[in-house]
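Have a look at the structure below before the remarks.
Starting from 1, each residue takes its place in the sequence as its number. Computed from a predicted model, the values in this text were never measured in an experiment. Order of listing sets the numbers, starting from 1, for every ligand and every atom in it.
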Amino acid sequence: MERCRCCGGVLEKVLDFGRMPLADRFVTPDEVADEYFFDLTVGMCTGCAMVQLINVPEPELIFRSDYPYRSSGSIRMAEHFAATARTLAARELTGQDPFVVELGSNDGVMLRVLAEEGIRHLGVEPSAGLVELSARRGVRSVAAFFDHDLALRIRADHGRANLIYAANTMCHIADIGSVLSGIDALLTDDGALVFEDPYLGDILRGTAFDQIYDEHVFYFTLRSAQRMLAPHGLEVSHVEPLDVHGGELRYTVTRRGRRPVDTTVTSLLAAEDDAELTDPAALASFRRRVEETRERLPTLLRELRSAGRRVVGYGATAKSATVTNYCGITPELIEFVCDSTPAKQGRLTPGAHLPVVAPETFSAHYPDHAVLFAWNHATEIIGNESAFAAGGGQWIVYVPEVRMIAG
Ligand code: SAH
Ligand code: TMP
Ligand code: ZN
């Protein structure tokens, strides 16, 4: 029997995507033969209702020194993190000589703004390549996985942190108990943990099944997050929705009783109860819509291909590993996927083995159709590539359902 990582309760299987590769492991042709696959299945805890992966590959396999994701790859996201840095500095870092720790600091996209202000900071980022890149931007980070032991070491070296920030990282860490006890050890009495992650409510509403892949271990709701934090003496005192990555929540977490729990929390809890987010019926209806997309997307692509149309993909996202492998999308259906990340170019997408090329290959000779795998960056990409639609090209999206859109 599989157990919940938060409360030890029993996990009930709610979704099964079958064998999937690691979503950020872009392979060379000679790596194809021993590509790693695992069973991508989602369970819901019968105790605390946390939705989570049942099997998670070892983090050392996923977050290696060549982990290719760069947060600064989107201008809109770079702006989001710069604005976040300024907001958090004004709200949480106003005392004398404040100290901030970021988990999953990636290429330093957020901390560089605080570093420029001379604020004492430390990023924690397992990928050594990203730590090096951050250093070139004036950001100090340590190449390590955050856990309880590391928290104690940081506290011994730097003292307690007034702010611990984590974007799209808490949901990536299976050993969440060690992370939360580490946060408890590292945070000042009045400090805050601020974290933001994809929201289960948005995933279900948007049929965004491609948010489900090896790195996304947890699919939080406010209620399940609250239950996860409580045993560590922590509570959500403020919550705000974010219009990034398809819909996220930003949680401000403080020690129990230290700050008033405001109405953003009480009203979202009430809304979640009304929406019956973790009701098995909600997940069953999600599953039916996902299965519909699994039919419709390859059917549309096959029709276009037999009509002689050229179809490519845009954005070799980690999310697209789930779409291409689950929907059986092969290089016969999608000629290539273009992506601005140098480390992905010249390789093949995980599992489906679609060639990844630079965006210049796309614009040099526009295809008839482009599947927008980076649908969460639609405004930015469709804007940058406006000549594609102007010349008659059509974008294809599959979230919330399969359709073609005018540019
Ligand atoms: N914060 C960035 C990056 C998110 S990707 C953003 O929002 O764009 C998730 C990041 O978490 C990766 O850079 C990964 O290497 C890092 N990560 C994974 N496990 C971690 C852990 N245990 N501690 C700290 N960082 C971790
Ligand atoms: P994400 O959805 O996980 O943030 O990944 C987005 C991917 O899309 C990433 O590999 C970078 C790529 N990308 C482009 O190729 N061009 C763009 O304009 C943007 C915004 C992203
Ligand atoms: Zn549980």
Minimum non-hydrogen distance to atom 3 (O) of ligand 2, winning option of Tyr69, Phe362, Phe26: Tyr69
Heteroatom proximity flag, Phe146 to ligand 1, N/O under 3.5 Å: yes
I'd like to know whether Asn55 forms a side-chain contact (heavy atoms from CB on, under 4.5 Å) with Asp214, so could you lay out the CA-CA distance, the side-chain angles of the two residues, the decisive distance to 0.1 Å, and finally the verdict. CA-CA 8 Å; Asn55 311 300; Asp214 59 330; over 6 Å; no
Measure the distance from atom 3 (C) of ligand 1 to every protein heavy atom, then report the residue, atom name and distance (to 0.1 Å) of the closest one. Ser71 OG, 3.5 Å
Checking His353 against Val27 for the side-chain contact (heavy atoms from CB on, under 4.5 Å) test, could you report, in this order, the C-alpha distance in whole Å, the side-chain angles of both residues, the deciding distance, and whether it holds? CA-CA 8 Å; His353 305 147; Val27 291; 4.0 Å; yes
Looking at ligand 2, does any of its N/O atoms fall within less than 3.5 Å of an N/O of Glu380? no
Compute the shortest N/O to N/O distance between Ser105 and ligand 1 and return yes if it is under 3.5 Å, no if not. no
N or O contact, Gly104 vs ligand 1, cut-off under 3.5 Å: yes
Would you list the protein N, O or S atoms within less than 2.8 Å of the Zn ion (ligand 3), leaving out water? Cys4 SG, Cys7 SG, Cys45 SG, Cys48 SG
Considering non-hydrogen atoms of the protein only, which is the closest contact for atom 18 (O) of ligand 2, and what is the distance? Ile381 CG1, 3.5 Å
Measure from atom 9 (C) of ligand 1 to every heavy atom in Leu150, Thr84, Val179, Asn168 and give the option owning the shortest one. Asn168
Taking atom 8 (O) of ligand 2 as the reference point, the nearest protein heavy atom with its distance: Asp339 OD2, 3.5 Å
I'd like to know if the side chain of His216 pairs up with that of Gln52 as donor and acceptor (distance under 3.5 Å, no hydrogens or angles considered). no
N/O separation below 3.5 Å, Ser340 to ligand 2: yes
Among the heavy atoms of Pro59, does any lie under 4.0 Å from an atom of ligand 1? no
When only distance counts, is Ser74 in polar contact with ligand 2, meaning an N/O pair under 3.5 Å? no
For ligand 2, is Lys344 a contact, meaning one of its heavy atoms is under 4.0 Å away? yes
Which residue owns the protein heavy atom closest to atom 15 (O) of ligand 1, what's the atom, and how far is it? Glu125 OE2, 2.6 Å
Considering heavy atoms of the protein only, find what lies nearest to atom 26 (C) of ligand 1 and give residue, atom and distance to 0.1 Å. Pro126 CD, 3.3 Å
Check this for me - ligand 1, Ala167, N or O atoms closer than 3.5 angstrom, yes or no? yes
min-distance protein heavy atom vs atom 14 (C) of ligand 1 -> Phe63 CD2, 3.4 Å
Give me the nearest non-hydrogen protein atom to atom 1 (P) of ligand 2 as residue plus atom name, then the distance to 0.1 Å. His377 NE2, 3.5 Å
Between Tyr69 and ligand 1, is there a nitrogen or oxygen pair with a distance under 3.5 Å? no
Please confirm whether Tyr67 comes within less than 3.5 Å of ligand 1 when only nitrogen or oxygen atoms on both sides are compared. no
Can you tell me how far apart OG1 (Thr317) and CG (Asp339) are? Round to the nearest 0.5 Å. 8.0 Å
Residue pair Tyr314, Phe362: steps toward the ring pair (Phe, Tyr, Trp, His ring centres under 6.0 Å) verdict: CA-CA 9 Å; Tyr314 205 109; Phe362 173 72; 5.1 Å; yes
Check each atom of ligand 2 against the heavy atoms of Thr317 and keep those under 4.0 Å away; list them by number with element. 2 (O), 5 (O), 6 (C), 7 (C)
Leu268 CG to Leu249 CG distance, which is reported to the nearest 0.5 Å: 6.0 Å
Please determine whether side-chain contact (heavy atoms from CB on, under 4.5 Å) holds for the pair Tyr213 and Phe17, giving the CA-CA distance in whole Å, both sets of side-chain angles, and the decisive distance to 0.1 Å. CA-CA 9 Å; Tyr213 58 91; Phe17 291 91; over 6 Å; no
Under the side-chain contact (heavy atoms from CB on, under 4.5 Å) rule, what do His377 and Arg76 come out as? Steps first, then yes or no, please. CA-CA 8 Å; His377 302 294; Arg76 168 140 183 275; 5.7 Å; no
From Thr252 OG1 over to Glu92 CD, what is the distance, rounded to the nearest 0.5 angstrom? 6.5 Å
Got an N/O contact under 3.5 Å between Tyr314 and ligand 2? no
Identify, by atom number and element, the atoms of ligand 2 in contact range of His245, meaning under 4.0 Å from any of its heavy atoms. 4 (O)
Looking only at non-hydrogen atoms, find the nearest pair between Pro400 and Thr207 and report the distance. O-CB, 3.6 Å
Taking the six-membered ring of Tyr36, is NZ or CZ of Arg25 closer than 6.0 Å to its centre and within 45° of its axis? no
For atom 10 (C) of ligand 1, closest protein heavy-atom neighbour: Thr169 OG1, 3.7 Å
Does Lys319 come within less than 4.0 angstrom of ligand 2, counting non-hydrogen atoms of the residue? yes
